[in-house]
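Here's the structure, in structure tokens; my notes come after.
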2 protein chains.
Amino acid sequence: MITQKMKYALKALLVLADEAAQPAPEALTIEAIAKRSDSPKRFLEHILLELRNAQVVTSTRGRAGGYSLLMAPADVSISEMLRLIDGPIAPLACLSRRAYQRCDDCTDEATCRIRKVFAEVFWSYLLIIDSLTLADMLRSGTVADQVIGKA
Amino acid sequence: MITQKMKYALKALLVLADEAAQPAPEALTIEAIAKRSDSPKRFLEHILLELRNAQVVTSTRGRAGGYSLLMAPADVSISEMLRLIDGPIAPLACLSRRAYQRCDDCTDEATCRIRKVFAEVFWSYLLIIDSLTLADMLRSGTVADQVIGKA
DNA sequence: TAAATGTCTATATTTTTTATCGTGTATAAA
DNA sequence: TTTATACACGATAAAAAATATAGACATTTA
């Protein structure tokens, strides 16, 4: 299960992407994003900061300041967002490349049967989720799209 | 990431499956399973109880009592074990069939863009993980297998 | 009946998740 | 240059989940 925090992050990104798609996009305040995404403002603040540090969004201070999307939606990888907000996505730490951690009790990774079976699942899973971006979320956006999609 | 509890459960199942594959299989005490799987005995106790309630393993009390595998390894679904031990495997509660829960703030599931994108990932993921069983873990068991598998 | 073993409930500890608060800093307009 | 507005950052806290541990009890069989 993805965390509530991740849901807020995705909602915020959707709000920012929607704004960026407007004719005259403006920076949105945390408050505005919180309202539109129905997220707790003070919590969202930290999430946006993480997104900013990852250079997914950008912010300006002072009057008329706020946040806006920095990367193109097609370049915002869902799996990267998951890693950023929720941490490693591998089912086992010993299968994560970026957050690799050996199991305490592991005598031999090469012969670990748990590792082996989850490795198979994980590679297939990665193949799918690594291909998804914020743009994919936007595409399935409107009700009209939904109806067309079902036809 | 799967929990430590799930790791213990899988290790215990492997121990029991290995025992079941012996010429003269015997019931194994919690202590024996704990030792062989390097799991905390008192914690393992609860795990085995859950597996027993799910009729994956069986137990006998008293002298010479202990646990043994009840289901055939090929019938022990890894995804079912995940559901049993770690809870729902869906990325969102609103995508889980057995543990379905509507999101508090959700106005319309049919048009939720987060739900839609994770639904796609999830169905593909399910396809993979639902096909895996304890038997698959056993197959990739020995070092010899590993070497052959690589060839 | 005694020893071995599983059963069950309660409790405890640690970590993670989900926030909230206070204060500081930057910016732009008045 | 003051002031209003907004983000930045660190501290703290409550709630939930994960990871156990303990004690009393029930069952079996030698």
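Each chain gets a letter, A, B and so on, in the order its sequence line appears, and its residues count up from 1.
If you measure from atom CD of A/Glu31 to atom C1' of D/dA6, you get 10 Å, rounded to the nearest angstrom. Whole-Å rounding puts the A/Arg61 CZ to D/dA6 C1' distance at 8 Å. Separating the CD1 atom of B/Ile30 from the P atom of D/dT21 is a distance of 14 Å, rounded to the nearest angstrom. Remark: C1' of D/dA18 and CD of B/Glu50 are 13 Å apart, rounded to the nearest angstrom. What separates CG of A/Asp104 from P of D/dT19 is a distance of 12 Å, to the nearest Å. Rounded to a whole Å, the CD1 atom of B/Ile2 is 13 Å from the P atom of D/dA18. The interatomic distance linking A/Ile47 (CD1) with D/dC7 (P) rounds to 14 Å, in whole Å. We find that CG of A/Leu16 is positioned 11 Å from P of D/dC7, with the value rounded to whole Å.
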Every protein N/O lying under 3.5 Å from an N/O of nucleotides 10-17 of chain D:
unit_1: D/dG10; atom_1: O6; unit_2: A/His46; atom_2: NE2; d: 3.1

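One N or O on the side chain of A/Glu19 and one on the backbone of A/Glu26 form a donor-acceptor pair closer than 3.5 Å. Looking only at distances, no side-chain donor or acceptor of B/Ser39 sits under 3.5 Å from a matching main-chain atom of B/Lys35. No side-chain donor-acceptor contact under 3.5 Å links B/Asp86 to the backbone of B/Ile2. A donor-acceptor contact shorter than 3.5 Å links the side chain of A/Asp136 to the backbone of A/Thr133.
For DNA chain C, none of the residues of residues 80-88 of chain A falls under the heavy-atom distance limit of 4.0 Å.
Contact annotation: B/Tyr8 side-chain N/O to D/dA20 OP1/OP2 distance is under 4.0 Å.
Inter-residue side-chain proximity for B/Tyr67 and B/Leu49 is flagged as met; some heavy-atom pair is nearer than 4.5 Å. The shortest side-chain heavy-atom distance between B/Lys7 and A/Cys103 falls under the 4.5 Å cut-off. A 4.5 Å side-chain heavy-atom check between B/Leu14 and B/Ser37 finds every atom pair outside the cut-off.
Within a 6.0 Å sphere centred on CD of A/Gln55, other residues, nucleotides and ligands contribute 12 heavy atoms or fewer. Counted within 6.0 Å of CZ on A/Arg102, heavy atoms from surrounding residues, nucleotides or ligands total more than 12; the atom is thus considered enclosed. Summarising the local packing, CG of B/Asp104 is surrounded by 12 or fewer heavy atoms from other residues, nucleotides or ligands at distances under 6.0 Å.
Comparing A/Asn53 and A/Ala64 by the nucleotide of DNA chain D whose heavy atom lies nearest to each, the residue mapping closer to the 5' end is A/Ala64. Nearer to the 5' terminus of DNA chain C, by closest-nucleotide assignment, is the contact made by B/Arg52 (compared with the other of A/Pro40 and B/Arg52).
A pairwise comparison of heavy atoms in A/Trp123 and A/Leu95 identifies CH2-O, 4.1 Å as the closest pair.
Checking D/dT29, D/dA26, D/dA4 against the side-chain heavy atoms of A/Arg63 singles out D/dA4 as nearest.
Within 4.0 Å (heavy atoms only), A/Leu28 reaches sugar-phosphate atoms of the nucleic acid but no base atom.
If you take CG on A/Leu16 and CG on A/Leu48, they are separated by 7.0 Å, rounding to the nearest 0.5 Å.
Of all nucleotides in DNA chain C having an atom under 4.0 Å from a heavy atom of chain A, the first and last in 5' to 3' order are C/dT18 to C/dA29.
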